[in-house]
Q: 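The structure is given below, and queries will be raised subsequently.
We use all heavy atoms of the structure for the numbers below, so side chains are in, but hydrogens, waters and symmetry mates are not. Here the structure is a predicted model, which is why all the values come from computation and not from measurement.
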Protein chains: 2
Amino acid sequence: MSATVKPRYQQLKDMIIERISSGELRPADRVPSENELVELMKVSRMTANRALRELTDEGYVTRMAGRGTYVSDFRAKSHLLEVHNIADEITRRGHQHSCKVLRQSRQRSRGKIAGALHVEQGVDLFHLLLVHYENGMPIQVEDRHVVADFAPDCLSQDFRTITPSAYLTKISPLQEAEQVVRAVQPNAAVRRRLRMADDEPSLVVIRRTWSHGRPVTFARLHHPGNRYELTGHYSPPGTPKSATGNVVELEIYDHE
Amino acid sequence: MSATVKPRYQQLKDMIIERISSGELRPADRVPSENELVELMKVSRMTANRALRELTDEGYVTRMAGRGTYVSDFRAKSHLLEVHNIADEITRRGHQHSCKVLRQSRQRSRGKIAGALHVEQGVDLFHLLLVHYENGMPIQVEDRHVVADFAPDCLSQDFRTITPSAYLTKISPLQEAEQVVRAVQPNAAVRRRLRMADDEPSLVVIRRTWSHGRPVTFARLHHPGNRYELTGHYSPPGTPKSATGNVVELEIYDHE
DNA sequence: ATTGCCAAGTTGTATATACAAGCTCGACCA
DNA sequence: TGGTCGAGCTTGTATATACAACTTGGCAAT
């Protein structure tokens, strides 16, 4: 680790973050204006502007033209959880990912599925039912519907070599998504496919993905509760990546 | 909605995003350099620089000094899930939040808890055990440990009026967090506190929060699986907020 | 043939300057 | 008294310029 000097705008950001973090600047307090920073810190206004603008993007401060810059109210901040693509997640663990295709068929949309995908009853959909394995152990049942005209060659894909998620993002990458995570008692079919114990709950991720302003796919991802968990690490944007070290085993249970 | 012209740097961003989204620019393709954008789009280099820099922050492109700018590989992108503070979440639904404090005591750290908080055995901790209610129905059991010297006045707080999360972020807001989400069979105590059905699974969020480079609190949040879910909406930063409309009810189950 | 080095192109940062637009407050006027 | 307008602050954007650091490729010297 060399002691290279940080850029000036980053020093400004660090200084302001430190003043917030230490409690010297509290939520709704006024942050020095760009011109004040110019004098205080001997920088140009564009440099001060960049620092304050990035702090705005990162949620630390709020700016109003004509008023000034004020410390944000953090209590509203959400914690973020990353939900990875299952195949990437497995290979990143150094394990082997494999996949069995149970169904890959064309369907007419109906009922709730049609509603979720914002299409009329009877519109062509593709239905995919896959089981993903990690070193041979089933880890996810993927039950997915895809709007047919978004991915016309869906039936000719070999989803053992490319996951539906990767295939769909290849077609049109920049997407919005809604997600729901639930703990449920799975039905018998899912329980059997995932080789789950009798009373084992399932962690379910439901995801609807949008592209070019319309829903294009709707997936229900079942995981065995005893062998799967969602993990996330949240640090404010702009923070050095390795600040907190590795993920640590976090045990759930003590007796109350 | 007035038809005010977008700023020039935003037009640049939109243009590049559109070229990526349409498939004209694919992952690993080269994006026009700043100087090329200066000529093509008749802007100054600083404006082109801002556009490309923000696209970098938003994950669309990757830049390398001396090499150029290249379209990112989206397959690696994670979906994000927001995990809200329980009290905010309830009040945002227009419901009434209340809270019962079951335990608020000083403890010596030991075992796994000490390890998770990176402190020696025997260091002072506070132990909090709360139940959060939404319109009178229990919705979360919060089992939390706090490093004592981070929050010395923890025992004198009234956590019926301020949640531990809000209290702790008030002390020192800018924090990193690790989170794990699991589906588990809760023990009898949790099941009783949350008035859960016999075979109902529990959605558990385990969160360790850091401040000034060290862990300061460690919380296990149990929720009843039949009455609680995590929801999230992900759109790339910089996208207009209301692009996809409201959250829609997403049903879990069809028969296979 | 290999090595070394330099030129050209790229991103990254920093400054000085300029103008537009929004907000506040006080001076001024009717 | 009440209202209006403008001075002076703020942020937001845009440009021109400069230099540093990095990468690549080709050329020259060894």
Q: Return the minimal non-hydrogen interatomic distance between B/R63 and B/L52, and the atom names on each side.
A: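 Closest approach of B/R63 to B/L52, heavy atoms only: NH2-CD1, 3.3 Å.
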Q: Would you kindly give the CD-to-C1' distance between B/E54 and C/dT11, to the nearest whole Å?
A: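 These atoms are roughly 16 Å apart.
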Q: Between A/N49 (CG) and C/dA18 (P), how many Å, whole number?
A: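 Nearest whole value for this atom pair: 17 Å.
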Q: Heavy-atom nearest nucleotide on DNA chain C for A/R50 versus B/G66: which residue maps closer to 5'?
A: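 Comparing both residues, the 5'-ward one is B/G66.
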Q: Do other residues, nucleotides or ligands put more than 12 heavy atoms under 6.0 Å from the CZ atom of A/R26?
A: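 At most 12 heavy atoms, drawn from other residues, nucleotides or ligands, come within 6.0 Å of this atom.
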Q: So for B/R45 and C/dG12, does any side-chain atom that can act as donor or acceptor lie under 3.5 Å from a complementary atom in the base?
A: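 Pair found.
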Q: Starting the side chain at C-beta, find the nucleotide from D/dT13, C/dT11, D/dG12 nearest to B/P7.
A: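 Among D/dT13, C/dT11, D/dG12, the one nearest the side chain of B/P7 is D/dT13.
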Q: With nearest nucleotides of DNA chain C determined for B/R67 and A/R8 from heavy-atom distances, which residue corresponds to the more 5′ nucleotide?
A: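 Taking each residue's closest nucleotide, the earlier one in sequence belongs to B/R67.
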Q: Minimum heavy-atom separation for A/V43 and A/V38, please, with both atom names.
A: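 Looking at all heavy atoms of both residues, the shortest contact is O-CG1, 3.2 Å.
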Q: Kindly say if B/N35 contacts the phosphate of C/dG9, meaning a side-chain N or O under 4.0 Å from OP1 or OP2.
A: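 So the side-chain polar atoms of B/N35 never come under 4.0 Å of the phosphate oxygens OP1 or OP2 of C/dG9.
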Q: Output the rounded distance in Å from CE (B/M41) to P (D/dT15).
A: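 So the CE-P distance, B/M41 to D/dT15, works out to 11 Å.
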Q: Between C/dT13, C/dT10, C/dT15, spot the one nearest the side chain of A/Y9, thanks.
A: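 Nucleotide nearest to A/Y9's side chain: C/dT13.
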Q: Given atom NZ of B/K6 and atom P of D/dA14, what is their separation to the nearest angstrom?
A: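 So the two atoms are 13 Å apart, to the nearest Å.
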Q: On DNA chain D, compare the nucleotides closest to A/A65 and A/M46; which residue's is nearer the 5' end?
A: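 With A/A65 and A/M46 compared, the 5'-side residue is A/A65.
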Q: Look at the side chain of B/S44 and decide which nucleotide, out of D/dT13, D/dT15, D/dT10, has an atom nearest to it.
A: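 It is D/dT15.
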Q: Whole angstrom is fine here: how far is it from CG in A/L52 over to P in D/dG12?
A: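 Value for this atom pair: 9 Å.
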Q: Name the nucleic acid region contacted by A/Q11, choosing base, sugar-phosphate or nothing; use a 4.0 angstrom heavy-atom cut-off, strictly under.
A: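 Answer is nothing: A/Q11 stays at 4.0 Å or more from every strand.
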Q: Is A/R214 salt-bridged to A/D149, going by a charged N under 4.0 Å from an acidic O?
A: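 Yes, this pair counts.
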Q: Is there a donor-acceptor contact under 3.5 Å linking the side chains of A/T217 and A/T209?
A: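 Absent: no donor and acceptor within the cut-off.
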Q: Whole angstroms only, please: what is the CG-C1' distance between A/D57 and D/dG12?
A: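 Going from A/D57 (CG) to D/dG12 (C1'), I get 13 Å.
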Q: Rounded to the nearest angstrom, tell me the gap between atom CZ in A/R53 and atom C1' in D/dG12.
A: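 Those two atoms, CZ and C1', are 9 Å apart.
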